[in-house]
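Have a look at the structure below, then the notes.
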Protein chains: 2
Amino acid sequence: MGLTKTNLFTDKQNEFADVAKVLGHPARIAILQHLAKMNTCICNHLVTELGLAQPTISQHLRELKQIGLIKGSIEGTSICYCIEPIVWEHYKKLFAEFFETLTPINNNNCGPDCC
Amino acid sequence: MGLTKTNLFTDKQNEFADVAKVLGHPARIAILQHLAKMNTCICNHLVTELGLAQPTISQHLRELKQIGLIKGSIEGTSICYCIEPIVWEHYKKLFAEFFETLTPINNNNCGPDCC
DNA sequence: ATCATTCATCGTAATATTGCAATAAATAGA
DNA sequence: TCTATTTATTGCAATATTACGATGAATGAT
């Protein structure tokens, strides 16, 4: 059906999955890395840098904006995109917690050849 | 086109995105949480627990297996799925590094109303 | 051997994602 | 005003994802 049944899951699970999904494309990772490196950035730079068409980059930027990870402010004819530090920290913690709290105990209580 | 242009990006960017993509579905997050909590788990438990059909769960489990995050061993008629601790640690570091190295400096060098 | 249980796979429908050409909107400069 | 530049939006084609019913494979029990 192509439609995720979000109602079956908790808000936290859905939020985490939404963020992970946005991070689940190499172009968006490359955009974030470029933004962090430059600390000043406009969309057109990304087009020449990444090799994707301008509408495609714009679309990826919109998805990063939707989860609040980046912010754009108008600078003349171009737009300055930056990482939003507070949201960045929030997601950083979210992922750290996720990996921390789920760390497997691995006490091998399920069978001789298991785990 | 629906086809990611992976050739434009580095192996690291693609690997990170692949893992994030697998984590980008609430059902798979719920599965991982359940696996961690139980430390012993079979697929059928997940079906009743999550409310998705058995083939759907099986499909999600396969995706988690594909990135090495979980492992299944046969236990009679059922299968014992567990988190793979080494891979788990690897991805934990991967995400920690990602959020660490990209932490924004935010020196506001792009304009008065920017960032 | 037969049957029940458990999980995987196949096939399929509905929806989402990716990417781009064409176009629109907005601003700066001549 | 007209033009060039930059980014957003629209529309579309190709592919991917999500979900499930039907079926298959494997094991344990009767």
Side-chain angles (χ1 to χ4, degrees), chain A residues 1-9 14 17-18 20-31 35 40-67 70-82 110-111 113-114, chain B residues 1-9 14 17-18 20-31 35 40-67 70-82 110-111 113-114:
Chain A
M1 299 180 191
L3 178 68
T4 300
K5 291 189 160 181
T6 52
N7 59 306
L8 292 176
F9 310 103
N14 284 315
D18 281 345
K21 199 178 195 177
V22 171
L23 296 179
H25 194 291
R28 293 192 285 266
I29 300 303
I31 287 171
L35 280 176
T40 293
C41 198
I42 56 170
C43 175
N44 199 252
H45 289 190
L46 292 167
V47 176
T48 54
E49 187 88 13
L50 298 190
L52 286 166
Q54 181 267 323
T56 308
I57 301 282
S58 193
Q59 214 168 3
H60 285 306
L61 286 168
R62 191 172 52 183
E63 289 184 76
L64 288 166
K65 256 191 292 183
Q66 263 168 358
I67 59 164
I70 64 169
K71 200 182 73 168
S73 45
I74 298 162
E75 282 285 304
T77 77
S78 61
I79 289 182
C80 171
Y81 276 110
C82 323
C110 30
D113 298 325
C114 181
Chain B
M1 298 182 190
L3 180 69
T4 300
K5 291 189 159 182
T6 52
N7 59 307
L8 293 176
F9 310 104
N14 284 316
D18 281 345
K21 200 179 197 176
V22 171
L23 296 178
H25 195 290
R28 293 192 285 264
I29 300 303
I31 287 171
L35 280 177
T40 292
C41 197
I42 58 170
C43 176
N44 198 253
H45 290 188
L46 293 166
V47 175
T48 54
E49 187 88 14
L50 299 189
L52 287 166
Q54 181 267 321
T56 309
I57 301 283
S58 193
Q59 214 168 6
H60 284 307
L61 286 168
R62 190 172 54 183
E63 288 184 76
L64 289 166
K65 256 190 292 183
Q66 263 168 0
I67 60 165
I70 65 170
K71 198 182 75 167
S73 45
I74 298 163
E75 282 286 304
T77 78
S78 61
I79 290 181
C80 171
Y81 276 109
C82 323
C110 31
D113 298 325
C114 181

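Just the heavy atoms: all of them, side chains too, but no hydrogens, waters or symmetry mates, feed the values below.
The phosphate of C:dT6 (OP1 or OP2) has no side-chain N or O of B:His45 nearer than 4.0 angstrom. B:Arg28 has a side-chain polar atom (N or O) that falls below the 4.0 Å cut-off from OP1 or OP2 of D:dT18. Within the 4.0 Å cut-off from OP1 or OP2 of D:dA16, not a single side-chain nitrogen or oxygen of A:Lys21 is found. In this model, the phosphate group of C:dC20 is approached by a side-chain N or O of B:Lys5 to a distance below 4.0 Å at OP1 or OP2. The phosphate of D:dA19 has OP1 or OP2 within less than 4.0 Å of a side-chain N or O from B:His60.
Rounded to whole Å, the distance from CD on B:Glu75 to C1' on C:dA8 is 18 Å. Taking atom CZ on B:Arg62 and atom C1' on D:dA16, their separation rounds to 13 Å, with Å as the unit. C:dT17 atom C1' lies 11 Å from atom CG of B:Leu3, rounded to whole Å. Across the protein-nucleic acid pair, B:Ile57 atom CD1 and D:dG21 atom C1' stand 16 Å apart, rounded to whole Å. In this structure, A:Leu61 atom CG and C:dT17 atom C1' are separated by 16 Å, rounded to whole Å. The distance from atom NZ of A:Lys71 to atom P of D:dT7 is 17 Å, rounded to the nearest whole Å. Atom CD of A:Gln59 is separated from atom C1' of D:dA13 by 13 Å (rounded to the nearest Å). Atom CD of A:Glu63 and atom C1' of C:dG19 are 12 Å apart (whole Å).
If A:Ser58 and A:Thr4 are placed on DNA chain D by their nearest nucleotide, the residue sitting closer to the 5' end is A:Ser58. Across the interface with DNA chain D, nearest-nucleotide mapping of B:Thr56 and A:Thr56 shows A:Thr56 to be the residue nearer the 5′ end.
Using a 4.5 Å heavy-atom threshold, the side chains of B:Cys41 and B:Leu46 count as touching. No side-chain heavy atom of B:Leu8 sits less than 4.5 Å from a side-chain heavy atom of A:Leu50. At least one side-chain heavy atom of B:Gln54 sits less than 4.5 Å from a side-chain heavy atom of B:Ser58.
Within the nucleic acid shown, B:Leu52 comes within 4.0 Å of sugar-phosphate atoms alone, with no base atom in reach, counting heavy atoms only.
Aromatic ring pairs are classed by plane angle as parallel below 30°, tilted from 30° to 60° and perpendicular above 60°; the pair B:His60 and B:His25 is tilted.
Partner of A:Tyr81 under the side-chain hydrogen bond (donor to acceptor under 3.5 Å, both in side chains) criterion, out of A:Lys65, A:Lys71, A:Glu75: A:Lys65 alone.
Considering only side-chain atoms of B:Tyr81, the nucleotide from D:dC20, C:dA8, D:dT7 that sits closest is C:dA8. With C:dT15, D:dT6, D:dT9 as the candidates, the nucleotide lying closest to the side chain of A:Pro55 is D:dT9. Distance from the side chain of B:His25 is smallest to D:dT18 among D:dC20, D:dT7, D:dT18.
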| message | Within the 4.0 Å limit for protein heavy atoms, which parts of nucleotides 24-30 of chain C are touched? Write it as a string from 5' to 3', B for base, S for sugar-phosphate only, - for none. | response | ---BS--
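For A:Gln54 against D:dA8, a side-chain N or O and a base N or O form a donor-acceptor pair under 3.5 Å.
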| field | side-chain contact (heavy atoms from CB on, under 4.5 Å) evaluation trace for B:Ile79 with B:Cys43 | value | CA-CA 7 Å; B:Ile79 290 181; B:Cys43 176; over 6 Å; no
| query | Should B:Leu64 and B:Leu35 be marked as a side-chain contact (heavy atoms from CB on, under 4.5 Å) after you check the CA-CA gap, both sets of side-chain angles, and the distance that decides it? | reply | CA-CA 12 Å; B:Leu64 289 166; B:Leu35 280 177; 5.7 Å; no
